[in-house]
Amino acid sequence: MSALDLPSPGLRIALLALATLTCVPDTATMAAAGELPAIASRQRAEKKSFTDSEIVEGFLKTAFGAEYHLAGRVDRIRKFDGPVRVFADGDRADRKGQLAKVVADIGKRVQHLDIAMIDSSEAANVRVKLVRDRDLFRTLTSFYGLEKAREIRSSLDPQCLSGFRKNDNFEIEHSDVILTTDNGDFTFLDCAYEELLQSLGPINDTTSVPWTMFNDNVSMGYFDVYDQYILNLLYDPRIKPGMTVPEVKAVLPAVLADVRGWVKRVNDLRE
């Protein structure tokens, strides 16, 4: 997917990540462990052992740059520098429940990230808009204006997307996520994980890394081990908003050593 630099009236600095996912039929029957069979099969086949260079490559390719660029520099680390509070706006109680589980799972697996659901839109710094697929274009128009909504629809035809605003210090101040609710459980969960995680900072998609959900050719539906490495690197306190690539590379060896220990423990890895 192309990264475009577009003017954005009303948004001082904004970036968008969009996912054009293949629609997967809804699977009503759940696996014995409470998982969708499509997710369980992916987890069984998941690669969980990576070299340092494989992890660093994915981190640098997703934490810098932007999949869909509206304005502002994208050559610096962007992340929240404080608690993340997520509000779900929509009328599907089942999807809100699934979203809450996604948020809790992310919070469990990213060591230095304080993230949780909240009931107040005003107090939230991540707002998730739950819409029907037929209302997606109308929602895009309300967020980004008619011209940009048409451009997004014609060039990318997204089923979900996210964007954030950052300040002059490259700290994310607010994120918006749009998820469609009627394209099946697998697609909803795949979108929810990818867009929520990208709204936290690693907004650049890449087709050159085969293990990350931030690859438009990859569908997960859960928080895989490789992307846990990326988010834990990003939210380590030694990786600060505004850092350049050389600055990040200088501290990565020490950070990665600690992140490896955490990801191993939280996933009970045997390596």
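FYI, side chains are in, hydrogens and waters are out, and symmetry mates aren't considered; it's all heavy atoms of this structure. For clarity, every value in this text was computed on a predicted model and none was experimentally measured. Residue indices begin at 1 and follow the sequence shown.
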- Shortest non-hydrogen contact from Asn232 to Arg109? ND2-O, 2.8 Å
- Item | Steps toward side chain to side chain contact (heavy atoms under 4.5 Å, CB included) verdict (Lys48, Leu269) | CA-CA 8 Å; Lys48 297 180 180 179; Leu269 299 180; 3.8 Å; yes
- Please round to the nearest 0.5 Å and tell me the distance separating atom CE of Met220 and atom OH of Tyr226. 10.0 Å
- Residues in salt bridge (charged side-chain N to carboxylate O under 4.0 Å, His left out) contact with Arg238, at least two apart in sequence or another chain: Asp236, Asp258
- Item | ILVMFWY cluster, Val266 and Val225 together (side-chain gap under 4.5 Å) | yes
- Query: Linking I/L/V/M/F/W/Y whenever any side-chain heavy atoms sit under 4.5 Å apart, do Phe188 and Phe87 land together?
  - Reply: no
- Message: My understanding is that only residues two or more places apart in sequence, or in another chain, count here; which of them pass side-chain contact (heavy atoms from CB on, under 4.5 Å) with Arg134?
- Response: Arg132
- Any Lys/Arg nitrogen of Lys129 or Asp176 sitting under 4.0 Å from an Asp/Glu carboxylate oxygen of the other? no
- Message: Can you classify the ring geometry of Phe64 versus Phe59 as parallel (below 30°), tilted (30 to 60°) or perpendicular (above 60°)?
- Response: perpendicular
- Query: Sequence neighbours excluded, which residues qualify as ring pair (Phe, Tyr, Trp, His ring centres under 6.0 Å) partners of Trp262?
  - Reply: none
- Message: Nearest 0.5 Å, please: how far is CZ in Phe186 from CD1 in Ile39?
- Response: 6.0 Å
- Task: Taking the side chain as every heavy atom from C-beta outward, state whether Asn215 and Val209 have any pair of such atoms under 4.5 Å apart.
- Result: no
- Message: Rounded to the nearest 0.5 Å, what separates atom NZ in Lys101 from atom NZ in Lys108?
- Response: 13.0 Å
- Tightest non-hydrogen contact, residues Met213 and Tyr222, listed as CE-O, 3.3 Å
- Item | Partners meeting side-chain contact (heavy atoms from CB on, under 4.5 Å) with Arg92 (sequence neighbours left out) | Asp94, Arg95, Thr181
- Heavy-atom closest pair (Leu234 atom, Pro202 atom, distance to 0.1 Å) is CD2-CD, 3.6 Å
- Task: Measure from the side-chain N and O atoms of Lys96 to the backbone N and O of Gly90, and report whether any donor-acceptor pair falls under 3.5 Å.
- Result: yes
- Are any of the side-chain heavy atoms of Thr62 and Thr206 separated by less than 4.5 Å? yes
- Can Arg260 and Asp52 be counted as an ion pair, charged N to O under 4.0 angstrom? yes
- Note on the structure: Shortest non-hydrogen pair, Ser199 vs Phe80, comes out as O-CE1, 3.6 Å
- Message: I'd like to know if Arg270 pairs up with Asp268 as an ion pair, taking the criterion as any Lys NZ or Arg NE/NH1/NH2 lying under 4.0 Å from an Asp or Glu carboxylate oxygen.
- Response: yes
- Roughly how far apart are Leu197 CG and Ser162 OG, rounded to 0.5 Å? 9.5 Å
- Taken to the nearest 0.5 Å, the spacing of Ile118 CD1 from Arg127 CZ works out to 13.5 Å
- side chain to side chain contact (heavy atoms under 4.5 Å, CB included) assessment of Phe170 paired with Ile77: CA-CA 7 Å; Phe170 298 90; Ile77 287 291; over 6 Å; no
- Message: The criterion is side-chain contact (heavy atoms from CB on, under 4.5 Å); which residues satisfy it with Ser142, sequence neighbours excluded?
- Response: Thr139
- Task: Identify the heavy atoms of Asn125 and Glu173 that sit nearest to each other, and give their distance.
- Result: CB-O, 3.7 Å
- Closest approach of Asn169 and Pro241, non-hydrogen atoms and distance? O-CB, 3.5 Å
- Message: Set out, in order, the CA-CA distance, both residues' side-chain angles and the distance that settles side chain to side chain contact (heavy atoms under 4.5 Å, CB included) for Asp205 and Glu194, then state yes or no.
- Response: CA-CA 10 Å; Asp205 271 16; Glu194 179 177 357; 3.6 Å; yes
- Is any side-chain heavy atom of Leu200 closer than 4.5 Å to a side-chain heavy atom of Ile172? no
- Item | Flag, side chain of Asp190 to backbone of Gly221, donor-acceptor distance under 3.5 Å | yes
- Which residues share a side-chain contact (heavy atoms from CB on, under 4.5 Å) with Ser53, sequence neighbours left out: Thr51
- Identify the residue among Thr244, Leu60, Val56 that makes a side chain to side chain contact (heavy atoms under 4.5 Å, CB included) with Lys249. Leu60
- Task: State the CG-CZ distance between Leu256 and Phe50, to the nearest 0.5 angstrom.
- Result: 12.5 Å
- Task: For the residue pair Leu231 and Leu113, establish whether any side-chain heavy-atom pair is separated by less than 4.5 Å.
- Result: no
- With distance as the sole criterion, is a donor-acceptor pair present between the side chains of Asp105 and Tyr193 under 3.5 Å? yes
- Task: Give a yes or no answer on whether the side chain of Asp182 reaches the backbone of Asp133 with a donor-acceptor pair at less than 3.5 Å.
- Result: yes
- Non-hydrogen side-chain atoms of Val128 and Leu196 separated by less than 4.5 Å: yes
- Lys47 atom NZ: more than 12 heavy-atom contacts under 6.0 Å: yes
- Task: Please confirm whether the backbone N or O of Arg138 pairs with a side-chain atom of Asp135, one donor and one acceptor, at under 3.5 Å?
- Result: no
- Task: Find out whether the Lys NZ or Arg CZ of Lys79 is both under 6.0 angstrom from the six-membered ring centre of Tyr235 and within 45° of the ring's axis.
- Result: yes
- Decide yes or no on side chain to side chain contact (heavy atoms under 4.5 Å, CB included) for Trp211 and Ile230, but give the supporting numbers first. CA-CA 11 Å; Trp211 312 291; Ile230 290 177; over 6 Å; no
- Query: Is any NZ, NE, NH1 or NH2 atom of the basic residue among Asp114 and Arg85 found under 4.0 Å from an Asp or Glu carboxylate oxygen of the other?
  - Reply: yes
